Every structure is written in structure tokens, then in C-alpha cells.
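Contents: one structure, followed by commentary.
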Amino acid sequence: MKIGVCLKQVPATDTRIRVNPTNTGILTDDVKWEINPYDEYALEEAIRLKQAGKGTEVVIFTLGDVASEARIRDGLARGADRAVRLDDPAFAGSDALGKARILAAALQQEGIGLVLAGRQSVDTDTGAVPAMIAELLGWRQASWVDKLVIEGETFTAHRAAGGGTREVVTGQLPAVITCDKGLNEPRYATLPGIMAAKKKPIVVKNAAALGIDAGSVGAAAALVVEEAMSLPPARPAGRILQGDAATVAAELVRLLREEAKVI
Amino acid sequence: MPTNILVFCETEGGQLRKSAFELLGKATQLAAATGGKVSAVVFGDADAASLGAWGASTVYVASGPAFGTYVAGAWVKALQAAIASSGANVVLGSASGVTREAFPRLSARIGAGLSVECTDLRAEGGAIVGRRPVYAGKALVDVKIKSAVGLYTVRPNSFTIGAAPGGSASVVALDAGITDADLDVKVVETLKPATQAVDLTEADRIVSGGRSLKSKESFDAIVRPLAKAAHATPGASRAAVDAGYAPHGDQVGQTGKVVNPSLYIALGISGAIQHLAGMRTSRVIVAINKDAEAPIFQYATYGIVGDLFEIAPALEKELTKALA
Ligand SMILES: Cc1cc2nc3c(=O)[nH]c(=O)nc-3n(C[C@H](O)[C@H](O)[C@H](O)COP(=O)(O)OP(=O)(O)OC[C@H]3O[C@@H](n4cnc5c(N)ncnc54)[C@H](O)[C@@H]3O)c2cc1C
């Protein structure tokens, strides 16, 4: 079974976000890019499954421009075998459904039997693309998974069900699994890994190569339109309470009750 | 065009979740602004008829073995049937473990645009505008949906719940034509959380502890009792989780849970950008930190500069008194 890993580059989590002058996105000039943290769990799990004999090959799928190849190389250095980068001017401005169409076509073309992805990417924070891929391919799915067992044609996964409850779910492969923190401890690339990654192939595919209608993806096909981006309103200046522990504790409780009215 | 809104009302243990009333309140406002009607869909056994008092004119109920615990295939199919029956052009659900799978699937199945984790919804010139945080809340984006049906999930605690306006609903059994093929992913076991506290994402009060607690023992001795006294859910910074003081599920932040309580008390947490991203929308933030320069103070409504090992017990005493 070939294992596909959806991997995306995102601004490092300590990036101070600034909105561009047209309010259509963020300023990226001094952004440091990283592999989306949740995708690291997906990649790690894929490598471990292959090492445990549950997979034959680990293939990275990235929808992104040439700049994302640095992150793809990092993934290859950690242990993935090869990568498919999806890039076409027609892809620009795709919404989640458009992105899912592109990725689903590529995953299908490569004969992938198990897709691992991060539970969400920490830029758009949508977390919808993997479930959409599952739907488009007619596959099973489990999301926000922190334990995964593959046995023959079946997966068993522990997923966050909400309300602090976790559910153990099972289903048949092929499947799309989204990975949460706690699933594993991602490895870093080693020097031999980095050297080996230089020779691993990254194939670039466009809409024609994927056999998808360019009109079904990109800005024109997007059903969700982002109108304007803004920064959250600044919080009003707070108040520092003075005095010994007993005094500040009593004063805080009074303020929470009488001024803020939250208790 | 009138906005006909269908609200997916989730239940837990046979009871409607609080989010159902939150969403129906908002749906009623939005529908009134555009001259539309509100309906609801409920799975399993719950007091469906009571939703009439919260503004639903029709409640669609799917019941049977597929509607006890969540099964993606069956639930998506039933939601699709409810959308068709209600003629809704807007569907609202709470951002939850169910909707994070079911709504994207629905979106791809019926070609409906989806906006997840909205923190605000407003009617503007007959259209709905959703506002949602991106980059873990470091920015906000206003979103419009172009398709005939628009799907939205809303982060819990985004809207206040007012009094029920009153009214009654007709309850309609939903026949989604579920077959064995729709029981695609089965829940074989449910693992309940060790504590009875409300989940962080839905909690109205949270008390979080950081690395400064120094050990699991002192985390348990300081943070948990204070949370209990405040009737709050305990949370933690990533540093505290990675050090083993609290489980993964308790992590607040960009790579943990994004929370939206009315009160967030941070004990010995520096306020790293990734932590702030997870809790900055809290209505009131209290920071207790011995370093007056800690970034958390820039976000705090009330700050106490001092040793948490002295302040937390004093605060626990005061809160126990006040909330007895
Ligand atoms: C990819 C990535 C993702 C991340 N995601 C998250 C996330 O989701 N959530 C998260 O929280 N972090 C996250 N982090 C980590 C984040 O950068 C910080 O390291 C972390 O939040 C720090 O936790 P802390 O505040 O408990 O510890 P510290 O930053 O070490 O702060 C401890 C604070 O306690 C104070 N203190 C010490 N002793 C006392 C005392 N006796 N009384 C009072 N105050 C005291 C100190 O003054 C200090 O301010 C992430 C980092 C990365 C790289």
C-alpha cells in the first residue's frame, strides 16, 4: 500500500501576522516558513507505518509553488520516498473544495491507499480539505487522531469526539486520517537523510497532467469568497492589582463579580 | 432573497447541547433580518419539540440505530436530506467533533461553500457574512458564500443565549434512507474524559497553568483545586503539557485547543504568541505571573505580579467563599 502525506508550508507559529494594504491576505516578506506542525505528525506516522511493513512507499503531496520545495525536501530528508508538487496558475485562489479536488485527483492518480494529513493547517485553520478529499474519493475517514493501528484492510483510530471524549473508530481502507498532537513524536532530519533527500524525486503536476478541468478549481470556481482580512481589535489596557496575596485575591474576586460580571 | 436557516442541533446523553440554543438565537435574528424561516435538525432522542420555543418552526428528527453515536456516512446523508426537506439556503452547526468531518463532506457532496469556526455571523444586504479567525486568531477574515446553500460552523460561546422567544414547532421524522453501506466508520468504544469538567472548547471559565508549576504534583495541587473553586475547566500551556504536568487534551494554544471562555485565568504562563493565539478572545483574562514584563500582561484585563504559589491558594479561598 502506498501512503500519501498531505504536506503544506505555513508561516512559523511565532510569526507576527501583518495584514497587507489591500486587506486580502498577510504580508509575507519576512515570514519564515515551516512544515505545518500537524503535518509533521502525519509524515512521522507514515514513515513509521512503512517501517513496520504496513506501507510500501511514502509519497508527499504538496499544493504549492516552487518555494514550498524546501519544506518538501525537509520531509524527504525525514524519510519520505518521493513527492508530487501540484502547481498551476489555474490553481490560484482555490477554496478548500478546489484544493481538495486537486489533491484528490493527484492521490488517485498515484494509487494511494491511505492518506495522512494534519488535523488542520495553522494558516487558514479550516481543517476541511482532508474530509473533502475523503468525500470526493468515496473513502472512509477519521479526524483528529492521536492513535492509529492499521491491520490488513482495516484501520482503528482514536479520534477527538468533542466534549473531551475520545472515540475509538474502525473502518475499511482506503481512508483519510487527520493527525493530532500526541499521535507520535516527529523526528528531525539527519545529515544522511538530508544528503539522500537531494536525490529523491519531486514531480510537478499541473491541471492537465492531473486531468482536471481548470474551471473546477481556482478563484473563479471558489464558492467561498474572502472579503476582507483584519487584525483583531486591540484589548483595552488592563489593570495591575497591588497588595499582599490575601488582598489581591479578595480584590480580584470583587472585580470579577462587580466590574467584569463573569462570576 | 429570504434566508431560510437550518440549525444542526447536537445532543449529548439525550440532552440538547447549549450550542443548539446559541445557534437558534442567532439564526432567528438572521432570518428575521431577511424574512426567512428557521428550522432545526436533531439526531437521536432529544426533546425536539422544545426547539419551537427557541425559534424553530420545523424540527426534523432522524432516529434509529445509526443516530446514537456519530457515523459519518449516515449523518452526512441525513443532513443532506434535512437540507432538501427544509429548503434551507444556510446551514449552521456548532464547531465540533462531528461537524469538522460531516460539514466538509456535505460541502463536497452537494457543492455548498463552507466557512468553519466562525465567531460572528451577520446579515448584510440580504447575504450572510461570516467572520472567522485565521492564523490561530492573529487575524480575522470576513467570508461570503456564493453557492445556493452555504454551510457555517460556529465556535462555541460566540453568541450569548437570551431568553427563549417562545413558539412551537412541528416535528417531522426524517427518512434519510440509511442502509448498511452508510455505516462506514463505526465507533467501537467511547473513552470518557477522566474529569467531569466541561470541555475546554466549550468552557465558560478556564484556569490554566504553565511550566512554572514545576511538577505534575504541584499542578494537581494548585491548578486543579483553583479550577474547581472557580467552577472552571483546567487547561495548560504547551510547556506544561510537554513536561507531563497535564494531558495533551488540556493544551491551550495554536497547536492545542482554541478556547473562548468569559473568564481565563493564566497561572505562571508567559504568554507566548502560540498560547495567546488559543485564548486571546477570552472576554476577561487574569494573569498571575512573577515577572512584570511577561507578555501575558499586555492582554490581561486584571494582572497580579507575584508568586503563584502564594496567590493561587488565597484566590482559591476567596473564590470558594464567593461561589459557595
Ligand atoms: C510549533 C509550535 C507550536 C506551539 N504551540 C503552542 C500551544 O499550542 N500552546 C502553548 O501554550 N504553547 C505553544 N508553543 C510553545 C510556546 O512557544 C511557549 O514555549 C509556551 O507557551 C511556554 O509555556 P509557559 O508559558 O508555561 O512557559 P514559559 O514561557 O517558560 O513561562 C513560564 C512563566 O511562568 C512565570 N513564573 C515562573 N515561576 C513563577 C511563579 N512562582 N509564580 C508566578 N509566575 C511564575 C515566568 O515568569 C514565566 O513568565 C508552541 C511552540 C511551537 C514552536
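Sequence lines set the chain letters: A, B, ... in the order given, protein chains first and strands last, and positions in each chain run from 1. This one's a predicted model, so the numbers in the text were calculated from it and none came from an experiment.
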Which portion of [X] sits near chain B, non-hydrogen atoms under 4.5 angstrom:
X       : answer
D95(A)  : neither
P37(A)  : side chain
I133(A) : neither
L97(A)  : side chain
P130(A) : neither
A157(A) : neither
R257(A) : side chain
I240(A) : both
A100(A) : neither
A160(A) : both
R159(A) : side chain

task: Quick one: which residue pairs count as a side chain to side chain donor-acceptor pair (under 3.5 Å) with a foot in residues 228-240 of chain A, not counting sequence neighbours?
output: R239(A)-E259(A)
Given the options [options], which has more heavy-atom pairs under 4.5 Å with chain A than any of the others?
options                            : answer
L200(B), V116(B), V258(B)          : V116(B)
R131(B), R205(B), R283(B)          : R205(B)
T153(B), D250(B), T281(B), I285(B) : I285(B)

At a 4.5 Å cut-off on heavy atoms, which part of [X] comes close to chain A: side chain, backbone, both, or neither?
X       : answer
L183(B) : neither
S262(B) : both
R17(B)  : side chain
S19(B)  : neither
F103(B) : neither
A203(B) : neither
S107(B) : both
T233(B) : neither
V286(B) : side chain
V129(B) : neither
A300(B) : backbone

Could you tell me whether a side-chain N or O of [X] sits under 3.5 Å from a main-chain N or O of [Y], the two making a donor and an acceptor?
X       : Y       : result
K261(A) : E258(A) : yes
H275(B) : V252(B) : yes
S147(B) : G113(B) : yes

field: Derivation of the side-chain hydrogen bond (donor to acceptor under 3.5 Å, both in side chains) call for S96(B) and S94(B)
entry: CA-CA 6 Å; S96(B) 73; S94(B) 178; 5.6 Å; no
message: Going by side-chain hydrogen bond (donor to acceptor under 3.5 Å, both in side chains), Q120(A) matches just one of D125(A), T126(A), N36(A), T178(A). Which one?
response: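 Exactly one pass, corresponding to D125(A).
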query: With A277(B), which residues qualify under side-chain contact (heavy atoms from CB on, under 4.5 Å), at least two apart?
result: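 A277(B): side-chain contact (heavy atoms from CB on, under 4.5 Å) contacts with A136(B), K138(B), Q254(B).
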query: Below 4.0 angstrom, N of the basic side chain to O of the carboxylate: do D204(B) and K18(B) qualify?
result: no
task: Determine, for R71(A) against D39(A), whether the closest basic-nitrogen to carboxylate-oxygen distance falls under 4.0 angstrom.
output: no
- prompt: Is any residue of residues 169-177 of chain A within less than 4.5 Å of chain B by heavy atoms, and which ones?
  reply: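 At a heavy-atom separation under 4.5 Å, chain B is reached by V169(A), T170(A), G171(A).
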Using residues 180-187 of chain A as the side-chain source, report each donor-acceptor pair under 3.5 Å to any protein atom, sequence neighbours left out, with the distance given to one decimal.
unit_1	atom_1	unit_2	atom_2	d
D180(A)	OD1	R119(A)	NH1	3.2
K181(A)	NZ	D242(B)	OD1	3.1
K181(A)	NZ	H248(B)	ND1	3.3
K181(A)	NZ	Q251(B)	OE1	2.7
N184(A)	ND2	Y41(A)	O	3.0
N184(A)	ND2	E45(A)	OE1	2.8
R187(A)	NE	E44(A)	OE1	2.9
R187(A)	NE	E44(A)	OE2	3.3
R187(A)	NH2	E44(A)	OE2	2.8

